[in-house]
There are 2 protein chains.
Amino acid sequence: MVIMIELAVLGFLRDAQLHGYDLRKRIAALTGHVRPIADGTLYPLLKKMEAAGLLSRSLQPGQVAAPRQMLSLTDSGRTELERQLRDPDELFITDENRWFTLLAFLRHLDDPAAQAAVLLRRLEFLTQPASFFWDGDRPLRAVDFDDPFRRGLFTIATATSRTEIKWLRSTLEQLEA
Amino acid sequence: MVIMIELAVLGFLRDAQLHGYDLRKRIAALTGHVRPIADGTLYPLLKKMEAAGLLSRSLQPGQVAAPRQMLSLTDSGRTELERQLRDPDELFITDENRWFTLLAFLRHLDDPAAQAAVLLRRLEFLTQPASFFWDGDRPLRAVDFDDPFRRGLFTIATATSRTEIKWLRSTLEQLEA
DNA sequence: GAACGATACCTCGACTCCGAGGTATCCTGT
DNA sequence: ACAGGATACCTCGGAGTCGAGGTATCGTTC
């Protein structure tokens with residue numbers, strides 16, 4: 001299982017040096033409304049990433065009270081960010097919350113072709129034949145249900161896919177121009 | 001952390017008795033394209049749910065070869081399903097994959113008012129003021145970025161929310177009629 | 001009879017994440 | 001001086017999940 005917030009940590013630190021607390025707040029803003037991240041997840045991860053040489057820390061006086069850790073991305077961290085952006089784990093392609101995290105930092109890939117390759121993966125995912133329910137080999141559609149909630153499921157999934165597919169195609173055209 | 005697939009197990013078994021292998025395939029169809037569930041997650045969970053009295057198992061000859069376990073929801077399991085549908089964990093409201101699981105089985109709540117209450121929670125979630133990025137106290141919008149990917153993030157999130165909000169409102173009207 | 005493949009279920013060590021509880025620092029108010 | 005609050009960071013035991021490896025059963029083929 002891939003670490004959900006590692007990419008966010010790398011991405012935000014690529015944007016700018018940040019204090020741990022600030023970083024926490026930015027991650028919360030990006031994905032926390034869907035899925036909050038506990039301190040118990042973040043701080044050990046920061047520690048681990050420092051140990052792995054992905055980021056460095058220096059202690060500074062706090063803004064109001066407590067001292068704070070200034071976090072900076074190392075060259076190694078930068079490389080790791082680019083690696084993760086270029087070749088993201090499948091869950092970053094399929095799970096919306098993770099996909100949004102990926103989008104938030106994709107500009108840090110210099111190569112439009114690499115950016116396009118990532119978008120293509122998402123496009124393939126969204127355009128693959130899929131259904132939530134099957135009758136043997138036959139995918140069931142909204143009309144197969146007299147249940148408004150299952151109908152809603154299809155309606156929502158179809159509409160949201162359509163919107164995103166449109167954006168993906170349009171953005172891919174720009175990247176190839 | 002709430003068990004992601006427990007609701008799916010309860011829901012599918014509420015639909016019909018199923019063999020473990022069939023159940024696995026249905027869950028995979030419902031949510032597996034986004035997030036596949038490992039056997040190591042499912043089978044111990046079935047065991048745990050049996051121990052908790054939520055489901056019962058009886059061994060049957062397999063369709064082709066190996067013997068299979070026929071799984072049936074108990075009255076207790078039924079009650080637990082209704083409890084989870086009526087008062088779902090917050091993550092089932094906010095995380096799309098889980099929300100879809102919830103929608104798939106919401107018809108098993110008899111009370112339209114209880115169904116409506118769940119939809120209202122999702123509506124509140126989708127209509128709350130939110131942004132992915134902030135500048136101090138100010139939420140940033142798509143126009144604040146010249147980065148096409150962050151712009152896309154807002155575009156996609158806004159459009160998909162709009163679609164679902166529309167469906168939610170329409171369905172709530174039907175439930176109240 | 002043995003090997004293989006398909007069906008069907010299981011375990012285990014490792015990893016990720018949670019939530020509760022905690023520590024540390026500084027400033028303000030009593 | 002002490003308590004409380006806000007800022008800022010940390011740990012730990014428990015829960016959920018993964019992926020790899022495994023067992024069991026039956027039918028088919030050689």
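Letters A, B, ... are given to chains in the order of the sequence lines, protein chains preceding strands, and every chain is numbered from 1.
- We find the CG-CD distance between A:Leu46 and A:Glu6 to be 10.0 Å, quoted to the nearest 0.5 Å.
- A donor-acceptor pair shorter than 3.5 Å cannot be found between the side chains of B:Gln69 and B:His19.
- The distance from atom CG of B:Leu102 to atom CD1 of B:Ile93, rounded to the nearest 0.5 Å, is 6.0 Å.
- Between A:Arg35 atom CZ and C:dC17 atom C1' there is a gap of 8 Å when expressed in whole angstrom units.
- For the residue pair A:Glu80/A:Gln84, the side-chain donor-acceptor check at 3.5 Å is satisfied.
- Aromatic ring pairs are classed by plane angle as parallel below 30°, tilted from 30° to 60° and perpendicular above 60°; the pair B:Phe125 and A:His33 is parallel.
- Looking at residues two or more places apart in sequence or on another chain, you find no ring-ring contact (aromatic ring centres under 6.0 Å, His included) involving B:Phe92.
- The aromatic rings of B:Phe145 and B:Phe154 sit parallel to each other, their planes meeting at less than 30°, with 60° as the upper class boundary.
- Counting only residues at least two apart or on different chains, the salt bridge (charged side-chain N to carboxylate O under 4.0 Å, His left out) pairs with a member in residues 86-96 of chain B are B:Asp87-B:Arg121, B:Glu90-B:Arg121, B:Asp95-B:Arg98.
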Do any N or O atoms of the protein come closer than 3.5 Å to N or O atoms of nucleotides 20-27 of chain D, and which pairs are they?
unit_1, atom_1, unit_2, atom_2, d
D:dT25, O2, B:Ala66, N, 3.3
D:dC26, O4', B:Ala65, O, 3.3

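- The side chain of A:Ile37 has C:dC18 as its nearest neighbour among D:dC9, C:dC18, D:dT17.
- Side-chain contact, B:Thr163 with B:Trp167: no donor N or O sits under 3.5 Å from an acceptor N or O.
- The distance from atom CG of B:Asp89 to atom P of C:dC18 is 12 Å, rounded to the nearest whole Å.
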* To do: Determine, stepwise, if the pair A:Phe105 / B:Phe149 fulfils ring-ring contact (aromatic ring centres under 6.0 Å, His included).
  => CA-CA 8 Å; A:Phe105 303 109; B:Phe149 305 111; over 10 Å; no
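- At D:dC10, one or more side-chain N or O atoms of A:Gln69 fall inside 4.0 Å of OP1 or OP2 (strictly under the cut-off).
- Between the CZ atom of B:Arg68 and the C1' atom of C:dC10 there is a distance of 17 Å, rounded to whole Å.
- Near-neighbour residues of DNA chain D inside residues 11-22 of chain A, defined by a heavy atom below 4.0 Å, number-ordered: A:Gly20, A:Tyr21.
- Annotation: proximity of residues 42-57 of chain A to DNA chain D (heavy atom, distance under 4.0 Å) is found for A:Tyr43, A:Pro44, A:Lys47, A:Arg57, numbered in ascending order.
- Spacing between atom CG of A:Leu91 and atom P of D:dC18 amounts to 9 Å, rounded to whole angstrom units.
- Atom C1' of nucleotide C:dC9 and atom CD of B:Gln60 are separated by 15 Å, given to the nearest angstrom.
- For the OP1/OP2 pair of D:dC18 and a distance below 4.0 Å, the side-chain nitrogens and oxygens of B:Thr41 include at least one atom meeting the criterion.
- The nearest whole Å value for the distance from the CG atom in A:Leu23 to the C1' atom in D:dT7 is 16 Å.
- Sorted by first and then second residue, the side chain to side chain donor-acceptor pair (under 3.5 Å) pairs involving residues 139-154 of chain B (not counting sequence neighbours) are A:Asp15-B:Arg150, A:Arg107-B:Asp147.
- For A:Phe92 and C:dT16, the CZ to P distance is 12 Å, given to the nearest whole Å.
- Picking from C:dC9, C:dG19, C:dC17 the nucleotide with the shortest atom distance to the side chain of A:Ala38 gives C:dG19.
- To the nearest 0.5 Å, atoms CG (B:Leu126) and CG (B:Leu119) are separated by 11.0 Å.
- Taking atom CZ of A:Arg24 as the reference point, atom C1' of D:dC10 lies 11 Å away to the nearest angstrom.
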